[in-house]
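All residue numbers in this chain count up from 1 along the given sequence.
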Amino acid sequence: PQVLYSYDDGTLKTFAGYDCITTTDEIARGAFDYVLLTLDGVALRSPDGVSLVKAIGAATQGSSTKVIIGTIGIGLKPWFIDLSGLCKDQVFNGAMSIMAYPPAGASLPLHPPTDSARLAQADLAYVHGGGQGFIVDDSASEAAHRFCEIYNRCGVSMCEVRAASAFDTSIPALFPIFAASDLLGWPLAKDLGADADLWALTTEAVREIQGLAGMREAEGEAQATTTGQSLIDMWKAWEAATLPMDLQAFN
C-alpha cells in the first residue's frame, strides 16, 4: 500500500489492491482492457523499449486490448503501430496531468493550506494540474471515449478526450518553455518574458514544434494563436491551478 498526500484537499489517501508483473510473458492474451506505456521517448526507442513494444504487440494482436502511448514525442503512434503490428484503432495517445513526487526526496516550498505533517507521512504527493487528471487523443476515437468513461467512474479525477491535432500541437510544444525556465532559474510565470531575446527564441521554438510533420492539420490555427504573451498567460493559469503545490519547484 502507498500513502498519498493530495494537495487538492489536504488529505491522506491509501492506494492498495494492485498487482505487479515483471515480464511480458505475464501479459496473457486478452487479459487486460488497456495497457498504458509510461516510458520516456528515449527509453521507448531504445533496444529494450523496442523489445517491449514487440512483446506487447505479440501479446495483444487480435485481441480487444487497447494500448495508450503515455510517452511524449513526435510521430509515436505510427511508429508504434508499425513495430507492434497492432491495428490503428487499438492504439491512441495519452498524457497524465496529475503531477506527483515523493516528498522524502524533494523539498518544495510550502504554500497554505498545505498540511506539512500529513505531507511528511506520504510516499507520494500529488495535485491535479487543471480540471482533469488524464488526457487522451481521439486518434482511436471509440477506444479513447470508452477509456474516458471508465476513468471518470472513479469519482476523484476526470479524463478529457482531445482532438488528435490539438493533442499533437499542445503537449510537445511545452518543452521549449521548460528549457527557457531552466535557463532562467525557474522564475514565476509573470517573469518568463524578462529576457526578451530568450523569450522570443522560446516562442519561435514552440511555433516550430507546432509546424512539425504530423501536426499539419492544426498547424495554422496553433501557430496563429501562439504569441509570447499567450504562452505566459497559459503558464500563469497552470501555476495557479497547481497551488498549493509549487509548480516551479516541482519542475
Side-chain angles (χ1 to χ4, degrees), residues 1-2 4 15-102 105 123-124 126 129 132-151 154 157 159-162 164-165 167-175 178 209 212-215 251:
Q2 297 290 297
L4 312 177
F15 179 64
Y18 59 89
D19 290 320
C20 293
I21 62 175
T22 57
T23 70
T24 52
D25 293 338
E26 296 175 83
I27 308 177
R29 179 170 297 276
F32 297 98
D33 296 310
Y34 292 91
V35 174
L36 171 60
L37 283 172
T38 60
L39 297 176
D40 64 65
V42 173
L44 186 63
R45 285 187 162 119
S46 72
D48 286 341
V50 167
S51 296
L52 178 63
V53 171
K54 290 180 178 178
I56 290 173
T60 56
Q61 284 180 27
S63 75
S64 61
T65 299
K66 307 298 190 293
V67 177
I68 305 171
I69 304 175
T71 301
I72 303 301
I74 306 296
L76 287 175
K77 179 175 174 175
W79 173 86
F80 182 92
I81 289 173
D82 182 62
L83 191 61
S84 67
L86 295 181
C87 300
K88 63 180 181 180
D89 62 358
Q90 276 184 276
V91 183
F92 55 99
N93 295 298
M96 183 73 75
S97 52
I98 295 173
M99 292 177 283
Y101 73 96
D123 298 299
L124 288 169
Y126 72 91
Q132 68 286 323
F134 205 86
I135 302 165
V136 294
D137 76 357
D138 66 354
S139 59
S141 182
E142 183 178 347
H145 280 90
R146 177 60 179 154
F147 174 82
C148 190
E149 289 173 7
I150 296 168
Y151 186 104
C154 71
S157 184
C159 180
E160 173 189 337
V161 180
R162 287 186 187 174
S165 56
F167 186 97
D168 288 343
T169 56
S170 60
I171 307 296
L174 295 174
F175 286 85
F178 286 130
I209 288 176
L212 289 174
M215 301 181 181
N251 286 329

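- Taken from CG in Asp138 to CG in Asn93, the straight-line distance is 10.5 Å, to the nearest 0.5 Å.
- Using a 4.5 Å heavy-atom cutoff, the side chains of Ile98 and Ser157 are in contact.
- Rounding to the nearest 0.5 Å gives a distance of 4.5 Å between CD1 of Ile135 and CD1 of Ile171.
- In this structure, the side chain of Asp89 does not engage the main chain of Ala140 through any donor-acceptor pair within 3.5 Å.
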With side-chain contact (heavy atoms from CB on, under 4.5 Å) as the criterion, how do Thr71 and Phe80 come out once you've worked through the C-alpha distance, each side chain's angles and the decisive distance to 0.1 Å?
CA-CA 11 Å; Thr71 301; Phe80 182 92; over 6 Å; no
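- Between the side chains of Asp137 and Ser139, a donor-acceptor pair is found at a separation under 3.5 Å.
- Side-chain contact between Phe147 and Val161 is absent, with no heavy-atom pair separated by less than 4.5 Å.
- Scanning all heavy atoms of the two residues, the minimum distance from Ile74 to Arg45 falls at O-NH2, 3.5 Å.
- Nearest heavy-atom pair across Cys148 and Glu160 is SG-N, 4.2 Å.
- Side-chain contact between Thr60 and Phe32 is absent, with no heavy-atom pair separated by less than 4.5 Å.
- Closest approach of Gln132 to Ser97, counting heavy atoms only: O-OG, 2.8 Å.
- Around CD of Glu142, the count of heavy atoms belonging to other residues, nucleotides or ligands within 6.0 Å does not exceed 12.
- Taken from OG1 in Thr65 to CG in Asp33, the straight-line distance is 7.0 Å, to the nearest 0.5 Å.
- Under the 30°/60° scheme for interplanar angles, the aromatic rings of Phe15 and Tyr18 are found to lie parallel.
- Side-chain contact check for Ile81 versus Gln90: every heavy-atom pair is 4.5 Å or farther apart.
- A heavy-atom distance below 4.5 Å is not found between the side chains of Arg162 and Val136.
- Atoms OG1 and CD1, from Thr169 and Ile209 in turn, are 11.0 Å apart once rounded to the nearest 0.5 Å.
- Without hydrogens or angle criteria, Lys88 side chain to Lys77 main chain gives no donor-acceptor distance under 3.5 Å.
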Take Ile68 and Phe92, measure what side-chain contact (heavy atoms from CB on, under 4.5 Å) needs, and give me the verdict at the end.
CA-CA 5 Å; Ile68 305 171; Phe92 55 99; 3.4 Å; yes
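- Looking only at side-chain heavy atoms (C-beta outward), Tyr34 and Arg146 come within less than 4.5 Å of each other.
- Looking at heavy atoms from C-beta onward, Leu37 lies in side-chain contact with Leu52 at the 4.5 angstrom threshold.
- Within the model, atoms CG of Leu44 and OG1 of Thr38 stand 10.0 Å from one another, a figure rounded to the nearest 0.5 Å.
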